[in-house]
Protein chains: 2
Amino acid sequence: MDVQRYKKLEARAGILKAMAHPTRLFILEELAERKHNVGELTEKIGADISTISKHLNVLKSEGIIHDERMGTNIYYHLSCPCVLNFYQCVEGVIKSKADEQASLLK
Amino acid sequence: MDVQRYKKLEARAGILKAMAHPTRLFILEELAERKHNVGELTEKIGADISTISKHLNVLKSEGIIHDERMGTNIYYHLSCPCVLNFYQCVEGVIKSKADEQASLLK
DNA sequence: GATGTATTTTGCTATTTTGCCAAATAAGCA
DNA sequence: TGCTTATTTGGCAAAATAGCAAAATACATC
């Protein structure tokens with residue numbers, strides 16, 4: 001495979017990979033509603049705060065979310081609402097998967 | 001987090017995860033053009049055939065691709081062309097990332 | 001500067017992923 | 001049946017990921 005093409009695919013895969021975790025998808029859903037800080041997310045999720053902090057860093061590193069400091073608090077928000085478009089895409093795949101399994105049962 | 005919600009997120013994350021690899025994205029792009037067998041994909045990618053076979057299995061397990069046996073050959077194809085919609089989504093995120101970095105330089 | 005609150009980083013372990021190689025399986029044909 | 005081609009599976013090592021707990025950092029206030 002051509003190096004140029006591989007680099008492009010790697011960049012795309014990076015974004016998908018950053019989103020590919022249930023906790024991180026939860027974070028994105030919550031951020032789509034309103035900005036949150038680590039503490040708020042931790043409370044809603046129920047894991048160690050350091051774990052959530054790392055998940056936030058994964059999303060931030062890929063440019064999917066943004067942080068904004070307000071005093072001692074750091075608020076995170078979506079870099080772009082387009083992230084929500086992914087849901088329609090995923091839903092499409094899930095639906096076609098369901099349809100297929102249904103047709104196997106016929 | 002509520003168990004129901006977590007399960008849903010897990011299903012979505014599974015699909016994203018299956019796609020989150022440059023080689024697997026390459027495979028999806030090629031399959032969008034036409035069906036391929038493992039040998040053809042291996043040649044285009046340049047890796048061990050067993051490696052590609054495993055990547056195909058990852059995509060198949062999530063129901064993203066399909067296989068169809070034709071004699072000794074097994075041809076793979078996309079379960080649903082909607083997979084291509086992901087590209088627009090990813091591109092949107094990449095663009096917002098680029099815009100942001102550009103604005104930092106101003 | 002000292003203290004308290006919010007957050008990240010480090011250290012550690014367990015698990016998963018990736019990729020090659022060799023061995024096993026599947027189907028077609030002499 | 002035996003041989004060939006196409007493909008998958010098992011084994012293994014290296015690398016990446018995830019999660020908790022403890023230590024470190026950042027900012028605000030006293």
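Chain letters run A, B, ... following the sequence lines, proteins first and then strands; every chain starts at 1.
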Whole-Å distance between [N] [atom2] and [X] [atom1]?
X        : N       : atom1 : atom2 : answer
Ile45(B) : dT18(C) : CD1   : P     : 13 Å
Asn37(A) : dA28(D) : CG    : C1'   : 16 Å
Tyr75(B) : dT8(D)  : OH    : P     : 13 Å

| message | Once rounded to the nearest 0.5 Å, what's the spacing between atom SG of Cys82(B) and atom CD1 of Ile64(B)? | response | 9.5 Å
| note | Rounded to the nearest 0.5 angstrom, the CD-NZ distance for Glu91(B) and Lys8(A) is 6.5 Å
| remark: Sorted by number, residues from residues 7-34 of chain B placing a heavy atom under 4.0 Å from DNA chain D are none
| request: Kindly give the cluster partners of Tyr75(A), where membership spreads through any ILVMFWY side chain lying under 4.5 Å from a current member. | output: Met70(A)
| query | What pair of heavy atoms forms the shortest contact from Ser79(B) to Gly63(B), and how long is it? | reply | OG-O, 2.9 Å
| field | Side-chain donor/acceptor of Ser61(A) to backbone N/O of Asn57(A), under 3.5 Å | value | yes
| field | Aromatic ring pairing His66(A)/His77(A), orientation class (parallel under 30°, perpendicular over 60°, tilted between) | value | parallel
| said: Between His55(A) and dT17(D), is there a contact of a side-chain N or O with OP1 or OP2 at under 4.0 Å? | reply: no
| said: Check this one for me: any side-chain N or O of Asn73(B) less than 4.0 Å away from OP1 or OP2 of dA27(C)? | reply: no
| query | Can you check side chain to side chain contact (heavy atoms under 4.5 Å, CB included) on Tyr76(B) and Lys60(B), steps first, answer last? | reply | CA-CA 9 Å; Tyr76(B) 287 90; Lys60(B) 196 176 102 178; 4.2 Å; yes
| What is the per-nucleotide protein-contact pattern of nucleotides 8-15 of chain C, from the 5' end, where B denotes a base atom under 4.0 Å from a protein heavy atom, S denotes such proximity for sugar-phosphate atoms only, and - denotes neither? | BBBB----
| Going hydrophobic residue to hydrophobic residue with side-chain gaps under 4.5 angstrom, can you get from Ile45(A) over to Val38(A)? | yes
